[in-house]
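These notes concern the structure reproduced below.
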Amino acid sequence: MRLRFAPSPTGPLHIGGARTALFNWLYARHCGGVFVLRIEDTDRSRLVPEALDDIVSGLRWLGIDWDEGPDVGGPYGPYCQSERADLYRHWARWLIEQGQAYKCWCTSERLDMLRHVQHQEKGKVGYDRHCRRLDPTQVAQLESSGAPYVVRFKVPASGGTSIQDLIRGDITFQHEQLEDLVLLKSDGFPTYHLANVVDDHFMEITHIVRADEWIPTAPLHVLMYDAFGWKRPVYAHAPLILNPSGKGKLSKRTQAFTDEGQEVLVQLREFRRAGYLPEAVVNFLANVGWAFGDDQEVFTMEQATPRFELSDVNPAPARLPYSKLDWLNGVYIRELEPSRLATAAKPFLEAAGLPVDDGLLLKAIPLVRERIKTLREAVSWLDFLFIDQLAYDPSLLVENRVGPAGSLLALTRVREVLAALTDFETERLEAALRTLVADLGVKPAQLFGIVRVAVSGKTVAPPLFGTLGALGKDRVLARLDQAINLLSRLVM
RNA sequence: GCCCCCAUCGUCUAGAGGACCAGGACAUCGGCCUUUCAAGCCGGUGACAGGGGUUCGAAUCCCCUUGGGGGCACCA
């Protein structure tokens with residue numbers, strides 16, 4: 001078994017592309033087969049130089065590796081189509097010699113006009129096969145004129161073709177509905193159709209797993225294999241990923257946020273930047289269109305590999321359950337060792353402009369590990385640790401029931417109690433403050449709330465005693481002083 | 001317009017004729033726990049698009065309707 005993922009480097013890797021790559025990879029590994037990365041860069045006008053790197057690094061990030069590809073080589077190379085141009089030209093010529101393809105001199109103006117007329121007449125649209133009917137003299141004349149031409153495939157006039165699809169069963173098409181598609185463009189480069197078939201044949205690809213949108217051209221591809229006398233591959237057209245609204249395939253910013261408030265991410269790198277872990281993203285993707293079984297939602301790719309069958313893939317198009325990704329990412333974050341989580345979160349804190357202290361971060365990470373769903377969220381939970389001068393609304397220091405004066409008194413007492421402590425260890429801090437709660441006759445939540453604001457500048461923050469311990473005596477006392485200062489001004 | 005694909009809770013899915021008055025997960029809503037927020041635990045609401053067949057029996061098979069999606073480029 002040999003499978004391939006064949007992206008076109010026209011932009012950053014789309015999440016749908018990543019899912020297609022994953023299904024290919026999963027099945028290749030399941031079979032103990034070979035997984036190939038091939039770059040379909042035959043469209044020179046849409047080529048984006050940075051795209052290849054984005055695709056390669058994106059797949060690597062997800063944990064998808066390939067046995068053959070542009071960067072690792074292999075016995076069936078080269079793996080970039082732009083380097084195989086001669087091959088396509090050769091086989092296009094061969095098809096013409098066999099009478100299975102023909103040169104077409106129709107201009108794009110004529111084609112546009114044709115489409116326009118067909119559209120108005122509400123009839124069948126498509127090339128009218130004008131050049132297929134040219135007689136030898138006309139062909140000779142046009143050839144000697146040096147006018148640019150394309151090569152088109154001759155679709156059999158009648159009959160039908162079925163393609164074998166592991167996900168949907170056989171799909172049959174009538175030849176009258178098919179078009180004489182372009183094989184070779186006038187710039188001498190092949191179209192997807194030609195390059196794809198030629199490469200898949202010579203790279204001995206046995207299973208083609210690609211998106212649903214390719215179904216309409218699949219019979220044409222199969223007909224080409226037949227024309228070449230090559231063995232047809234087996235297809236598996238994976239379901240499309242839809243926009244959160246369910247309208248149209250997932251595309252850039254039809255909608256910036258889902259109804260539940262998650263950001264609509266489209267490119268794989270956006271998921272990475274948003275602070276999702278690769279294990280979570282890949283697990284998430286595997287759950288769309290496929291199910292692990294046994295009601296199990298959380299699993300590694302190693303666990304999924306023996307169970308993955310293309311015939312089990314659900315053919316229905318789906319939207320991405322972004323809220324489930326948040327949950328799943330939280331699951332993986334909670335499973336991460338504190339040191340590894342600290343390492344993963346650090347770039348996000350630094351990107352927010354915070355001067356990160358590794359020791360302090362490591363102390364604080366266990367406090368937020370079960371509170372964050374993405375690495376990026378670590379920023380809003382921990383920023384106060386790395387800032388010297390806290391800026392917050394002083395009125396937050398006033399506990400409603402306790403009142404301004406009471407709150408000020410409480411803070412003063414807290415300062416005294418903590419200043420007397422030599423050991424700033426979590427249990428000690430808690431014991432000391434709970435004793436103070438009893439002495440002051442307030443509720444724990446009331447006192448702790450005031451201290452929380454004084455120390456973090458926030459009403460929602462990591463657990464208080466651990467935070468005090470992480471911050472250390474000097475910084476805690478300094479913040480209490482600042483709070484007392486602010487509050488006394490407020491009281492007066 | 002033509003061709004093709006698809007159709008189970010809000011969402012992702014399990015279900016391949018009887019084990020289904022349809023299971024799980026996320027989300028949501030209650031409750032417990034609790035120093036805030038989470039996490040965790042317990043519980044609730046919630047779906048076979050509609051209509052015809054086939055069959056003793058249909059979410060599962062067939063047909064039609066409806067709805068959604070894809071394609072109809074010298075793009076992939």
Side-chain angles (χ1 to χ4, degrees), chain A residues 6-10 40-43 45-46 104 106-108 111-112 115 118-127 148-152 165 167-168 171-174 176-179 181-187 189-193 195-196 210-219 237 239-240 242 244 246-249 258-260 284 287-298 314-328 330 334 368-373 381 430 433-434 437 443-449 451-453 456 458-465:
Chain A
S8 169
T10 52
E40 311 224 324
D41 54 351
T42 54
D43 186 348
S45 60
R46 293 204 307 157
C104 168
C106 291
T107 60
S108 44
L111 264 16
D112 286 345
R115 257 192 300 275
Q118 285 171 336
H119 209 79
Q120 280 198 326
E121 291 174 354
K122 292 190 187 283
K124 204 182 86 180
V125 293
Y127 183 54
Y149 63 88
V150 301
V151 175
R152 284 184 186 271
D165 188 301
I167 297 176
R168 291 150 217 277
I171 306 170
T172 305
F173 296 82
Q174 294 307 311
E176 306 93 78
Q177 301 296 338
L178 271 25
E179 238 190 300
L181 82 185
V182 173
L183 261 27
L184 216 54
K185 298 181 254 185
S186 55
D187 64 2
F189 274 76
T191 58
Y192 167 84
H193 311 288
N196 198 257
R210 48 155 54 154
D212 185 287
E213 56 198 329
W214 291 105
I215 293 176
T217 47
H237 289 97
L240 236 35
L242 271 25
K247 303 271 180 200
K249 30 178 191 175
T258 65
D259 294 343
E260 286 171 334
F284 166 70
N287 272 325
V288 178
W290 185 73
F292 185 83
D294 299 336
D295 289 336
Q296 192 177 329
E297 307 267 338
V298 183
N314 180 349
R319 323 164 195 213
L320 292 179
Y322 288 98
S323 64
K324 214 165 175 174
L325 173 60
D326 280 347
W327 163 74
L328 205 46
R334 274 171 252 135
V368 295
R369 192 170 63 153
E370 63 195 28
R371 275 161 250 270
I372 58 175
K373 287 194 157 56
W381 278 96
E430 178 162 8
L433 290 176
R434 285 199 187 278
V437 163
K443 293 205 162 141
Q446 295 171 331
L447 179 66
F448 300 159
V451 180
R452 178 173 302 112
V453 172
S456 70
K458 301 169 192 290
T459 51
V460 174
L464 187 59
F465 313 117

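Chain identifiers are assigned alphabetically (A, B, ...) following the order of the sequence lines, protein sequences preceding nucleic acid strands; residue numbering begins at 1 within each chain. Just so it is clear, the model here is predicted, and its values are computed rather than measured.
Rounded to an integer number of Å, the gap from A:Leu328 CG to B:U13 P is 14 Å. Straight-line distance from the CD1 atom of A:Ile171 to the P atom of B:C4: 10 Å, rounded to whole Å. We find that CG of A:Asn314 is positioned 14 Å from C1' of B:C48, with the value rounded to whole Å. Rounding to whole angstrom units, CD of residue A:Gln120 and C1' of B:C2 are separated by 17 Å. For the pair A:Phe284 CZ and B:U13 P, the computed distance is 10 Å after rounding to whole Å. A straight line from CD of A:Gln118 to C1' of B:C3 spans 14 Å, rounded to a whole angstrom. Computed from coordinates, the A:Leu320 CG to B:A27 P distance equals 16 Å when rounded to whole Å. The separation between A:Asp259 atom CG and B:U11 atom P is 10 Å, rounded to whole Å.
For A:Ala291, the side-chain atoms get nearest to B:U13 when compared with the rest of B:U35, B:U13, B:G23.
Of the listed residues (A:Val182, A:Asp43, A:Leu184), just one forms a side chain to side chain contact (heavy atoms under 4.5 Å, CB included) with A:Thr191, and that residue is A:Val182.
In this structure, the side chains of A:Leu178 and A:Pro219 come closer than 4.5 Å at one or more pairs of heavy atoms. Counting only heavy atoms from C-beta outward, the side chains of A:Lys185 and A:Val151 never approach each other to under 4.5 Å. Between A:Trp381 and A:Val460 there is a side-chain heavy-atom pair separated by less than 4.5 Å. For the pair A:Leu433/A:Phe448, a side-chain contact is recorded, criterion being any heavy-atom separation below 4.5 Å from C-beta on.
Look at B:C21: it lacks any Watson-Crick or wobble partner with both distances under 3.5 angstrom. Judged by Watson-Crick or G-U wobble contacts below 3.5 Å, the nucleotide B:A7 has B:U66 as its partner. Pairing for B:C75 is absent, judged as Watson-Crick or G-U wobble with the two contacts each under 3.5 Å. When both distances must be under 3.5 Å, the Watson-Crick or G-U wobble mate of B:C61 is B:G53. Remark: B:C41 base-pairs with B:G31. Criterion, Watson-Crick or G-U wobble with two distances under 3.5 Å.
An OP1 or OP2 oxygen of B:U11 is reached within less than 4.0 angstrom by no side-chain nitrogen or oxygen of A:Asn287.
Using atom C1' as the reference point in both B:U55 and B:G18, the two lie 12 Å apart (nearest Å). Across B:G15 and B:G23, the matching P atoms stand 15 Å from one another, rounded to whole Å. A distance of about 12 Å separates the C1' atoms of B:A16 and B:A58, rounded to the whole Å. Look at the P atom in both B:C2 and B:C64: the space between them is 16 Å, to the nearest Å. Between B:C26 and B:G50, the two C1' atoms lie 29 Å apart (nearest whole Å). With both ends at atom P, the span from B:A59 to B:U8 equals 15 Å, rounded to whole Å. Taking the P atom of each, B:U60 and B:G44 are spaced 28 Å apart, rounded to whole Å. Straight-line distance between the C1' atoms of B:U13 and B:G70: roughly 22 Å, to the nearest whole Å.
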Practice problem: Before giving the answer on side chain to side chain contact (heavy atoms under 4.5 Å, CB included), spell out for A:His237 and A:Ile167 the whole-Å C-alpha distance, their side-chain angles and the decisive distance to 0.1 Å. | Solution: CA-CA 7 Å; A:His237 289 97; A:Ile167 297 176; 5.7 Å; no
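The two residues A:Tyr322 and A:Pro244 make their nearest non-hydrogen contact at CE1-CG, 4.2 Å. The two residues A:Asn196 and A:Glu40 come nearest to each other via the heavy atoms ND2-OE2, 3.4 Å.
Heavy atoms of A:Tyr322 sit nowhere under 4.0 angstrom from any nucleic acid atom. Note on A:Gly330: nothing from the nucleic acid sits closer than 4.0 angstrom, heavy atoms only. When heavy atoms are screened at a 4.0 angstrom cut-off, A:Gln177 is found touching the sugar-phosphate backbone but no base atom. Counting non-hydrogen atoms under 4.0 angstrom, A:Asp326 reaches nothing in the nucleic acid.
Around the OH atom of A:Tyr149, the shell of radius 6.0 Å holds no more than 12 heavy atoms that belong to other residues, nucleotides or ligands.
A distance-only check finds a donor-acceptor pair linking the side chain of A:Arg369 to the backbone of A:Arg334 [under 3.5 Å].
Salt-bridge annotation for A:Arg168 and A:Asp212: present, with a side-chain N of the basic residue lying under 4.0 Å from a carboxylate O of the acidic one.
Ring-centre distance between A:Tyr192 and A:Trp214: below the 6.0 Å cut-off.
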Quiz prompt | Protein-to-nucleotide contact annotation, 5' to 3' order, nucleotides 64-76 of chain B [B base; S sugar-phosphate only; - none; under 4.0 Å, heavy atom] | solution = ----SSBSBSBBB
Exercise. Go along nucleotides 36-45 of chain B 5' to 3' and tag each nucleotide: B for a protein heavy atom under 4.0 Å from its base, S when only backbone or sugar atoms are that close, - otherwise.
Key: BBBSS-----
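Both A:Ile167 and A:Gly289 lie close to RNA chain B; mapped to their nearest nucleotides by heavy-atom distance, the more 5′-ward contact belongs to A:Ile167.
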